[in-house]
Amino acid sequence: MPVKTPKIEELKNSTATYDVVVIGGGPAGMMAAGRAGELGAKVLLIEKNTHLGKKLLITGGGRCNVTNAEYDTRTLLKKYGESDKFLFSPFSQFGVKETLELFAKKGLEVKVENLKRVFPVSNKSESVLNTLKKYIKEGGVEVLLSSEVASIITEGEKIKEITLKDKTKIKGSNFILSTGGLSRPETGSTGDGFKWLSKIGHSVKTPTPSLVPIETKEAWSKKLQGTSLPNVKVSVFQNNTAQLVNKGKILFTHFGLSGPLILNMSKDIGEMVKYGETIISLDLFPTLDHGSLDKKILKIFEENQNKKFKNALPDFLPTAVLNAVLEVGKFDKEVFAHSLNKDERKRFVYLLKDLRLTVVNLLGEEKAIITSGGVALTEIDFKTMKSKKYSNLFVVGDILDIDRPSGGYSLQLCWTTGFIAGENASKNK
């Protein structure tokens, strides 16, 4: 869906001042530009990539987890930890309900899946991106692509103008900074906004990877690449003591573990690794204790006594996972079910309840879903998303120092802060 794109030569020779200049064409930036344009402001959206929404297209495995369908604001904000007290005002103005109403109005059909995660019916991120493009096009937003901002020029307590890498100067009455964090730098999130904010006097906490896959040591887990398990209990041990315990969905990868549960535990696991050997224990059957699981397996073996061990559990576990457990336990796959003795069966049960992996490390920013860190929240007026240091600067999205889990919460932060900033920047004279 084409949008209005001014030529750089026109900008170089222009003395015009935009009402709102948005730096960064990700989800927060597009939402901010769309809202400002909708309210009649003359808006310029600047993106350093060749197209908008590069990171948006890879979110949710390419499906785009639009938001989380938790409509109670206080309940929703508990997912944002200690940041909830800052976020109550913007989320009360434009929360999940308002976000979904806006997307519906623009023609996006969505569905709610497990854990209230919202996805487009098409299962394609492009549907969300096209909806945002439609929004900014309807608002008459001008979009400048392949243009990297070099510096922000201040004058007193205001942003005067910005300078592009090619020396083009762009003037604006208001500026919205939506350059993202440091996650997935190949999409353009290279931390530019943090540098600019620090340079003009804002306090910025150094970003670190937050929602990140885990690299593990054992070779057998890498053979399970692409296999997911919907309900696993994960216990993380250090010094023979379980430091973290949680349940949820995991995904085996070519480097170790990922999936919603692992991503949400990754920050704490990363801290543990700094202090010594860290072990992840997988309980593949968290709803059954050892005794109940043993009885279940015994019954299956009795019903399939003339089958070999490796073939006697057809609907019990994914074949790849079963083979991995047999490999770890050094079981004879060819032995018949009726020949498996009690001790061997109990050892098999024990492994199913305590399958261990050694953490090597977290993967870096290049694999992170989001990064922790960013501009200090005390320096932002969250009623408007305006900087408390500069009267015409608004800060939104991943550049804020707000931790959140996977499951739609990160994009909702972008939609909310972007919308509020766009609305207030368009009115700020």
Side-chain angles (χ1 to χ4, degrees), residues 3-6 11 14-47 52-53 87 89-95 97-99 101-103 105-106 131-144 147 149 152-155 157-162 169-180 193 196-197 375 379-400 411-429:
V3 292
K4 187 176 180 182
T5 53
L11 290 172
S14 174
T15 57
T17 297
Y18 286 91
D19 297 321
V20 180
V21 176
V22 183
I23 308 171
M30 286 186 282
M31 179 62 83
R35 181 54 175 163
E38 182 179 26
L39 294 176
K42 179 178 173 59
V43 183
L44 176 66
L45 174 59
I46 303 173
E47 169 55 45
L52 297 171
L87 295 174
S89 177
F91 273 76
S92 296
Q93 297 176 62
F94 188 79
K97 178 175 175 289
E98 292 79 12
T99 298
E101 286 175 348
L102 174 61
F103 278 127
K105 183 180 177 183
K106 300 302 174 187
T131 303
L132 289 165
K133 285 181 176 180
K134 178 182 179 182
Y135 190 29
I136 63 177
K137 182 181 179 182
E138 289 175 349
V141 174
E142 295 179 37
V143 179
L144 189 61
S147 300
V149 174
I152 294 177
I153 311 301
T154 62
E155 190 174 78
E157 295 183 351
K158 296 190 95 174
I159 307 299
K160 179 184 178 184
E161 61 189 21
I162 59 171
K169 295 183 183 299
I170 296 175
K171 295 184 180 296
S173 299
N174 295 279
F175 296 84
I176 299 176
L177 197 56
S178 57
T179 50
W196 300 330
L197 287 170
V375 66
E379 297 178 1
I380 303 297
D381 177 2
F382 277 82
K383 290 180 181 178
T384 61
M385 301 312 303
K386 187 193 295 184
S387 160
K388 292 181 180 179
K389 292 180 178 287
Y390 295 91
S391 61
N392 65 340
L393 173 64
F394 298 77
V395 183
V396 299
D398 289 348
I399 204 167
L400 297 162
L411 277 180
Q412 185 57 56
L413 179 69
C414 291
W415 309 138
T416 295
T417 58
F419 186 92
I420 298 301
E423 180 165 296
N424 286 282
S426 70
K427 300 174 182 176
N428 194 41
K429 306 298 182 185

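One-based numbering along the sequence shown. Worth knowing before you read on, the calculation uses all heavy atoms, side chains too, and leaves out hydrogens, waters and symmetry mates. Model, not experiment: these values are computed from the prediction.
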Practice task
Describe, in one word, how the ring planes of F94 and F419 are oriented to each other, choosing from parallel (under 30°), tilted (30 to 60°) and perpendicular (over 60°).
Solution key: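 Parallel.
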Could you measure the distance from the [atom1] atom of [X] to the [atom2] atom of [Y]? Nearest 0.5 Å is fine.
X	Y	atom1	atom2	result
K169	K160	NZ	NZ	8.0 Å
W415	T99	CH2	OG1	8.5 Å
S173	I159	OG	CD1	12.5 Å
K158	I153	NZ	CD1	16.0 Å
S147	I162	OG	CD1	9.5 Å
F91	I420	CZ	CD1	9.5 Å

Closest approach of [X] and [Y], non-hydrogen atoms and distance?
X	Y	result
K42	D19	N-OD2, 2.7 Å
F103	T131	CD2-CG2, 3.6 Å
A421	F394	CB-CB, 4.0 Å
L45	G25	CD1-CA, 4.0 Å
K386	Y390	CG-O, 4.0 Å
K171	V21	O-CG2, 4.0 Å

Practice task
Go through the structure and list residues passing ring pair (Phe, Tyr, Trp, His ring centres under 6.0 Å) with F175, not counting sequence neighbours.
Solution key: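 None.
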Side chains of [X] and [Y]: closer than 4.5 Å at any heavy-atom pair?
X	Y	result
I399	L197	yes
V43	I136	no
I170	I46	yes
M385	I176	no

Problem - Ionic contact status for E379 with K388, cut-off 4.0 Å - result: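 Judged by the 4.0 Å cut-off on N to carboxylate O distance, K388 and E379 do not form a salt bridge.
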Exercise for the section: Return each pair, listed once, that meets salt bridge (Lys or Arg N to Asp or Glu O under 4.0 Å) where at least one residue sits in residues 414-426; pairs must be two or more places apart or across chains. Expected result: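 Sorted pair list: R35-E423, E423-K427.
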When you measure from the side chain of [X] to the backbone of [Y], do you find a donor-acceptor pair of N or O atoms at a distance under 3.5 Å?
X	Y	value
K134	K106	yes
S178	V396	no
E98	Q93	no
N392	N174	no
N428	N424	no
T417	G397	yes

Exercise for the section: With sequence neighbours left out, write down each residue that passes salt bridge (charged side-chain N to carboxylate O under 4.0 Å, His left out) with K97, or none if nothing qualifies. Expected result: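 K97 satisfies salt bridge (charged side-chain N to carboxylate O under 4.0 Å, His left out) with E101 only.
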